Amino acid sequence: MRAVSVEEAVAMIPTGASIMVGGFMGVGTPERLLDEVVRQKKSGLTIISNDAATPGKGVGKLFDAALVSRLTATHIGLNPKAQQQMLTNQIGVDLIPQGTFAERIRAGGCGLGGVLTPTGVGTLVAEGKRQIEVDGRPYLLETALRAQFALVHAFLADYLGNLSYALTSRNFNPVMAMAADTVIVTAEHIVPVGVIAPDHVMTPAPLVDYLVTNANG
Amino acid sequence: MDAQEIIARRVAQELKPGNLVNLGIGIPTLVANYVSPELKVFFQSENGLIGTGPIPEQGLEHPLLTDAGGKPISALPGASTFDSAMSFGLIRGGHVDVTVLGGLQVDAGGHLANWMIPGKMVPGMGGAMDLVSGARRVIVAMQHAAKGKSKIVKQCNLPLTSSRPVSLVVTDLAVIGFPGGKATLLETAPGISVGEVMAVTEAELVVGDRVPEMKI
């Protein structure tokens, strides 16, 4: 793990990169990293995020700045700008069930080719997918999902990069921290090693590549 | 009593002591208002919480404690938090006893459509498909009709949420179950006759000899 400034962190992300962004309606989203993505105008992004949050909040900022070309999400109904960009084909949107979204990312981070889920059998979601019967029950084969980058927000990070999350801000952060080539983390508090007890570490330090320092904010 | 209160009160009666329950946004959220704390029902919020409590008073909100709509909530003593893979493991794995969702249409076979209107409204399914596929009991809480059109239809013409039929539909006019895969009128709302329900229902309903009134 290396500690970096927010400018350095985002400078590593090329235009057109695929990025997983933690958070649920902007809760548990690394806002400072997204502000910097907007400032550095990283465009043509493929974003993998539970939702599109709302304009001005979380990943919503990326739609405000028209930086997204593809979105994989479960729900974008509360962001009219993202809806608009989808309906006018400015962005390609892949909407998938939330449990499937979590499991595809988990599979991507755990060395699995995919998962079998009953969710979506017999619906639009099943189109173009392989259906496999196990013990007489039908399942869809949902393939693993990975990205070049994961932008993760923790509550506590220690100097080694061990992470813990608070309340409902954990959401997709831990699974995303396992499913990307490069993991960049912001934290509300950066604390000495040992402050997070071993039993309370939710993302172990070796998974974290870069921790954004809290200097200047 | 307005339509929403009738629905919420009647759905609340379906919850058993110790149940793990997921309430959707809208009318389903109101159900919690009519559940006695003595029942010790656990409410799950799919963004990663069991033990959701009431909306905190102004100024006491925590920015990292919200419901699935991103609105501030509180956590009751004994609450637990977890990540989204765990949250949907609970849902798909049959650990959630009851899920209560809103609906756009439910058809005569109990199939629910509640996540998109092609060409008009494409918000995404969020957690709905997993909830309907995986919860032990699926209860739909919705108005019986919208703009004068029955939401209990012969066959859904909107995209289905799941191929699995729901367990129960509670509307402002009726309670409808699906024994043997057939929509069956189980109860009517106070002051509503069987004839009145039938008149505003597109789907054919099986009706027993005596249909009781909701006791709410």
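Residue numbering restarts at 1 for every chain, and letters A, B, ... go by the order of the sequence lines. If you're wondering where the values come from, they're calculated on a predicted model, not measured in any experiment.
By number of non-hydrogen pairs under 4.5 angstrom with chain B, the leading residue of A/Gly77, A/Gly99, A/Ala102 is A/Gly99. In terms of heavy-atom pairs under 4.5 Å with chain B, the best-connected choice from A/Asn173, A/Thr54, A/Ile96, A/Val175 is A/Ile96. Between chain A and the residues B/Gly126, B/Ala75, B/Ser163, the most heavy-atom pairs under 4.5 angstrom are made by B/Gly126.
When all heavy atoms are compared, the tightest approach of A/Gly120 to B/Ser133 is N-OG, 4.2 Å. Between B/Leu160 and A/Gly122, the closest heavy-atom pair is CD1-O, 4.4 Å. Scanning both residues, A/Arg106 and B/Ala85, for their nearest heavy atoms gives CD-CB, 4.1 Å.
No more than 12 heavy atoms of other residues, nucleotides or ligands sit less than 6.0 Å from atom CD of B/Gln155. A/Gln131 CD: more than 12 foreign heavy atoms inside a 6.0 Å radius. Heavy-atom neighbours of A/Met202 CE from other residues, nucleotides or ligands within 6.0 Å: above the threshold of 12. Counting heavy-atom neighbours within 6.0 Å of B/Gln58 CD, excluding the residue itself, gives a total of 12 or less. Heavy atoms of other residues, nucleotides or ligands lying less than 6.0 angstrom from CD1 of B/Ile55 number 12 at most. With a 6.0 Å radius and a threshold of 12 heavy atoms from other residues, nucleotides or ligands, B/Phe82 has its CZ atom above the threshold.
Summarising the geometry, atom CZ belonging to A/Phe24 is positioned 8.5 Å from atom CG belonging to B/Asp67; distances are rounded to the nearest 0.5 Å. Taken to the nearest 0.5 Å, the CG atom of A/Leu87 stands 13.0 Å off from the NZ atom of B/Lys120. Note that OG of A/Ser169 and CG of B/Asn47 are 10.0 Å apart. Values are rounded to the nearest 0.5 Å.
For the pair A/Thr100 and B/Asp130, the minimum side-chain heavy-atom distance is below 4.5 Å. You'll find the side chain of A/Val125 reaches within 4.5 Å of the side chain of B/Met129, heavy atoms only. Put simply, the side chain of B/Met125 does not reach to within 4.5 Å of the side chain of A/His75, judged on heavy atoms. Here the side chains of B/Met116 and A/Leu124 are in contact, with some heavy-atom distance below 4.5 Å.
When heavy atoms are compared at a cutoff of 4.5 Å, B/Ala68 approaches chain A by way of both its backbone and its side chain. Residue B/Ser80 does not touch chain A at all, counting heavy-atom pairs closer than 4.5 Å. The parts of A/Pro97 that come within reach of chain B are both its backbone and its side chain, each placing non-hydrogen atoms under 4.5 angstrom from that chain. The contact between B/Leu64 and chain A is made by backbone and side chain atoms together, counting heavy-atom distances below 4.5 Å. The contact between B/Thr66 and chain A is made by backbone and side chain atoms together, counting heavy-atom distances below 4.5 Å. Contacts between A/Met86 and chain B at a heavy-atom distance below 4.5 Å involve the side chain alone, from C-beta outward. Only the side chain of B/His62 comes within contact range of chain A, with heavy atoms under 4.5 Å apart. Proximity to chain B (any heavy atom under 4.5 Å) is shown, for A/Ile105, by neither the backbone nor the side chain. Contacts between A/Phe101 and chain B at a heavy-atom distance below 4.5 Å are absent for every atom of the residue. Heavy atoms of B/Val122 lying under 4.5 Å from chain A belong to its backbone as well as its side chain.
Of the possible donor and acceptor atoms, none in the side chain of B/Arg92 sits under 3.5 Å from a partner among the backbone N and O of A/Thr119. For the pair A/Thr168 (side chain) and B/Gly48 (backbone), a donor-acceptor distance under 3.5 Å is absent.
In this model, no donor atom of one side chain and acceptor atom of the other lie less than 3.5 Å apart for B/Ser84 and A/Asn171.
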Review point. B/Phe88 and A/Glu103: side-chain contact (heavy atoms from CB on, under 4.5 Å), yes or no, with the steps?
Key: CA-CA 9 Å; B/Phe88 280 85; A/Glu103 281 302 310; over 6 Å; no
